[in-house]
Structures are given as structure tokens and as C-alpha cells.
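Below is one structure, written out as C-alpha cells, with a few remarks after it.
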2 protein chains.
Amino acid sequence: MDQAIDTIGEADDRLLTDQLFEQMSEAIVRGTFAAGTKLSEPRLAAQYGVSRGPLREAIRRLEERKLVTRAPRQGVRVVVPTAANALELFTIREVLEGLAARQAAEHATEEEVDRLRAMLKMHREMLSTDDAMVYWQATANSDFHFMIARIGRNQHLFDLLCGEYYTLFRLYRMQHRIVPGRAQRALTEHERIVDAIADRDADLAELIMRKHIASARTGLVSQQIGA
Amino acid sequence: MDQAIDTIGEADDRLLTDQLFEQMSEAIVRGTFAAGTKLSEPRLAAQYGVSRGPLREAIRRLEERKLVTRAPRQGVRVVVPTAANALELFTIREVLEGLAARQAAEHATEEEVDRLRAMLKMHREMLSTDDAMVYWQATANSDFHFMIARIGRNQHLFDLLCGEYYTLFRLYRMQHRIVPGRAQRALTEHERIVDAIADRDADLAELIMRKHIASARTGLVSQQIGA
DNA sequence: CTGCGCCGATATGTCGACAGTTTTGACGCT
DNA sequence: AGCGTCAAAACTGTCGACATATCGGCGCAG
């Protein structure tokens, strides 16, 4: 089974480390690198066609992002998701997203509220199509939280939610087969959040967002293997 | 001016990267590496007496921890603290510490409450000595938040507060000359938090902790240079 | 005197190689 | 047949070196 590992393209002026990090992150989330698999530096270097230097730096970033765990002098293994970890992670995400919603309510311009509304309207239309679920899980849900974080105007928070923790969140969400009707409920909650933001009600926006994430967490953890 | 950079000891079986990361983190917090200074890889490698490989990995971690900023193909510079960044950072810390307090209230054992109380009693005694402020800023305050995070039993949260963000928080706090009487007030707030934890009142513990951090943030940001 | 372009020096990004340690696999013993 | 032992293979941690891009200084033109 020659696995589907894209080799690193040649016409890309980005740093090798960055390309490797993205490829490997994606491979971990999609399961190409199965949970618990050991990542051997020489083998990966050969497969990607690069030397071990940039590869090590990419792995170091995977480690920093908690996508792999390192045992000194024994290499790194792909993290194995557990229900306990999922609970911890989404409990943290709950307060962070809550803060994002609060700050969005404090800083959103009229135009940004309009764009949020337009986006939700589009999402509602999408939800009546056939492949609603896949679209929802793939992009729609992320886009909403993405935009909320951006409107909050807290660069550090944005980096945390949409950068440093984003892949890890995706990894845990991936384990989760979406329950029917969840997307509809989530969209309704999104609309309530935007209402609170439009009203400049920071407390309410934070509260609803936290309940929204808590609801997602409950559904996720209860389903997680081994829970 | 041959600056005071400790060279890397020889009898230390820890990884070179880890030692370098700690030394450089400390150098940044203490100001040995002044804000805005460019960190040249060959020069640092020579000064520490190591090759560029481990050094690069350490710098990559500094970058991940937001202690340096990287401009591709131009190297890294020590981050320059701004009031805006301090505000962003301590706003995040506010909700994270709040969560830690909440989870501490949910999970603390009787013995852990006793140890919290014992610690605060010691802190109060320390506060009547001469070098109260330096002791407070150096260890006492950190110890308290450290213990709260530990009692919360959320490993990811603990790592965030006491690991990944710890040095960055210290860096910003370092810019801050402590205001007289602040330590007293902070200690009183700590005691209130422990009371809430002892009562198993998670909501109250979170609330007080958030106000506690918000109060520290206000004092810090208003003093920050350029605010 | 000032602005532009060239050139050398330096640094980053990348690579290949070596030493010590861990893991693997076979072999022999119980 | 199962287990402990031991050697070979593989891997991690570290180092030194090369190519290319960037930065600073110099000369020259305007």
C-alpha cells in the first residue's frame, strides 16, 4: 500500500518547513498518518524528497501544536485522540470562543454585522441541499467561527482559534459522525449569536457562544470512542 | 560589552534544544536580549558553543511561543511589547484563568483546599517582610495560579497557562513596576477565590478570578509604555 | 550634495554525514 | 514452545558545509 503522500512541489517559494508542516498536519487530520503511528524522520525525508533539517523543524511544530507526542530519543508518534482529551480541549475552546463572541459584540461595525447576516442566510440555503452535512462540517461552521474571531480584533485570540489550535480541533471533530439535525440547531444558535452581536450585548453573545460550544462538546464527547 | 550569556553546560543529558530554549527564554524575559534585537544564528551558535541545528529548533519554539517574530529570509527579532498586545494577551488570560478557577472548584479535594489555605497563610506572612514585593512578583503570585491550574485537572489548560504562555506573561509583567498595595489586594482576592473553591461554587470562583485578572490587566496596560 | 546602482560580507535555508542510543531480529538456552 | 541474550540495523541528536538571498558601504551619475 503505497500511501497517498504528496511529494513536495518544486515551484513553491514558501519555506520547506511550512510546506511540510501543512502536508503532515493534513495527513494527520485525514488519517493518512494513523493515530499512534511512529513518524520516522529518515523515511519521511525520503518520501517527501527533502533532508532531515526542515523536516525536524516541521515535526517540532507538530509537537508544539499537540498533533504528535515526543518521547526523547524515541521519536514522535501521532497523537491518539481520547475522550478525556476531547473534553479538555473543547472546554478550553468554550471560553476562548466565548471571549471571541464577546469581543465581536464590542467591536463589530454595522457592515460586519451585515456580512455575518449574509453569511448565515447563505448557510441556511445551503442546508436545504443534499450534501448539506458535508458542506457544513467542511467549511460553513468553520467560516462562521473564523469570522467571529476576526471581528473580535484580538490578534492573539484569532491566532489561537484559527491557527494554533485549529488543526487539533479539526482532528477531534473528525472522529465525530455528525448527528442528524445538529447542523440545523447549530445554525439557529449561530443566528442567536449574531443577534446578540447586532444588539452589542457582549454578555449575551459570550453566554450563547459558550452554550453553543458546550452543546457541540457534549455531542462530541459522548460519541467519542471509549467514552 | 561581553554580555552575560551562560554557555551551555556539558554535563546535562537534556536535549540541547531544550537547554537553548530555556536560556534564550530567560534572556528575553530578563532583558539580556533587548526588545527588537535581531537574533543572529551564527553568532548565537558561537556564543553558546553549539551548532546551528539545535539552535534553529529552539528559535522555532521561541517563535511558536510568540517570544520572537520572524520575517522570512531576514531572521528573527525579539518581540517588542506593546500596550495593545498586553491588553490582548491578558484578556485571553482572563478567561483561561477563570476556567482554571471554575474547574478547580469542581475538582478540588479537601486536602487541596487545605494546601491552598496553607499557601495563602504563608503568603500573608511573607507580605510583612521587607522584600515582600520582589518575593511576590517572583514566586508567590505565580505559585498560586500554578496550583489553581493544577487542581483544575485539565492538562491542556495547565500546559497553556503554566507552559506555553507562561514566559510570555512574565515578559509583559516584567515591564510593569508593581504599584504599592497591589500585592495586598491581590492576596485578598486570592483568598476570596479559595473561599469560593472551598464552597464548591464554580461560577463564583470563575467570576472572582476573572475580575482578579482584569484588575491586574488594567493596572498593567495603563502603565505600559506608549499607552 | 544627493540619489541610484553595484559589490562584498553576512545570514538564512538546505543538505549530507557521523556518534551514540534504542529497537529489532535471530540465536541459543531452559 | 517460551524466554533471555546478543549482535546488527535503524534512528535520533548533533555537527559542519554549501547555495542563495539580503543588508551595508562604496562609487558614480545627476
Side-chain angles (χ1 to χ4, degrees), chain A residues 3 5-25 27-28 33-34 36-65 67-80, chain B residues 3 5-25 27-28 33-34 36-65 67-80:
Chain A
Q3 62 252 64
I5 293 185
D6 300 321
T7 176
I8 296 294
E10 298 154 20
D12 195 334
D13 56 347
R14 285 180 316 161
L15 263 31
L16 262 185
T17 301
D18 295 336
Q19 300 180 51
L20 288 169
F21 172 72
E22 279 182 33
Q23 294 249 353
M24 295 171 73
S25 295
I28 291 176
F33 293 164
T37 306
K38 178 173 173 197
L39 297 186
S40 156
E41 293 176 8
R43 233 188 78 215
L44 285 177
Q47 288 188 346
Y48 284 118
V50 297
S51 79
R52 279 180 53 216
L55 187 79
R56 273 179 72 93
E57 295 182 23
I59 290 181
R60 270 293 184 358
R61 203 186 305 180
L62 292 177
E63 182 191 357
E64 214 52 26
R65 306 285 234 266
L67 290 168
V68 301
T69 58
R70 147 177 251 102
R73 301 191 184 276
Q74 295 179 26
V76 296
R77 312 189 84 90
V78 177
V79 69
V80 308
Chain B
Q3 62 252 65
I5 293 184
D6 299 323
T7 177
I8 296 293
E10 298 154 21
D12 194 333
D13 55 348
R14 285 182 314 161
L15 262 30
L16 262 186
T17 300
D18 295 335
Q19 300 180 52
L20 288 169
F21 172 73
E22 277 182 34
Q23 295 249 353
M24 295 171 74
S25 296
I28 291 175
F33 293 165
T37 305
K38 178 168 175 203
L39 296 185
S40 157
E41 292 175 8
R43 232 187 75 218
L44 285 176
Q47 287 189 348
Y48 284 118
V50 299
S51 80
R52 279 180 53 217
L55 186 78
R56 275 178 70 92
E57 295 181 24
I59 290 181
R60 270 297 189 349
R61 202 186 305 180
L62 291 178
E63 183 192 355
E64 210 58 23
R65 306 284 236 265
L67 291 168
V68 299
T69 58
R70 146 178 252 102
R73 299 203 138 71
Q74 293 179 28
V76 296
R77 312 189 84 88
V78 177
V79 71
V80 308

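Residue numbering restarts at 1 for every chain, and letters A, B, ... go by the order of the sequence lines. Every heavy atom of this structure was used, including side-chain atoms; hydrogens, water molecules and symmetry mates were not. Here the structure is a predicted model, which is why all the values come from computation and not from measurement.
Per the geometry, CG belonging to A/L16 stands 15 Å off C1' belonging to C/dG16, to the nearest Å. Whole-Å rounding puts the B/R77 CZ to C/dT12 P distance at 11 Å. Between the P atom of D/dG13 and the CG atom of B/L55 lies a distance of 16 Å, rounded to the nearest Å. Rounded to whole angstrom, the span from the CZ atom of A/R52 across to the P atom of D/dC11 amounts to 10 Å. With rounding to whole Å, A/L20 atom CG is found 11 Å from C/dT14 atom C1'. Atom P of nucleotide D/dT12 and atom CZ of A/R73 are separated by 12 Å, given to the nearest angstrom. The separation between B/R43 atom CZ and C/dT12 atom P is 11 Å, rounded to whole Å. What separates CD of B/E57 from C1' of C/dT14 is a distance of 14 Å, to the nearest Å.
We find the CG-CE distance between A/L67 and A/M24 to be 10.0 Å, quoted to the nearest 0.5 Å. To the nearest 0.5 Å, atoms CZ (A/R56) and CD (B/E57) are separated by 4.5 Å.
Contact annotation: A/R70 reaches the phosphate of D/dG13 (side-chain N/O to OP1 or OP2, under 4.0 Å). At C/dT14, none of the side-chain N or O atoms of A/S51 fall inside 4.0 Å of OP1 or OP2 (strictly under the cut-off). Side-chain N/O atoms of B/Q74 include one lying less than 4.0 angstrom from OP1 or OP2 on D/dC23. For A/R56, a side-chain nitrogen or oxygen approaches OP1 or OP2 of D/dG13 to under 4.0 Å.
Ranked by how close their nearest DNA chain D nucleotide is to the 5' end, B/K38 and A/E41 are led by A/E41.
At the heavy-atom level, A/L39 lies under 4.0 Å from the strands shown only through sugar-phosphate atoms. Residue-level contact check: B/I59 touches neither bases nor backbone, having no heavy atom under 4.0 Å from any strand. The residue B/G75 sits close only to the backbone: its heavy atoms come under 4.0 Å of sugar-phosphate atoms, none of a base.
Between the side chain of B/R77 and the backbone N or O of B/G36 there is at least one donor-acceptor pair closer than 3.5 Å. No donor-acceptor pair under 3.5 Å is formed between the side chain of B/E41 and the backbone N or O of B/L55. Under the 3.5 Å distance criterion, the side-chain polar atoms of A/R70 are left unmatched by any main-chain donor or acceptor of A/V76.
Residue A/L15 places its side chain closer to C/dT14 than to any other of C/dT14, C/dA11, D/dG13. Each of D/dT12, C/dT14, C/dA11 was ranked by its minimum atom distance to the side chain of A/S40; first place goes to D/dT12.
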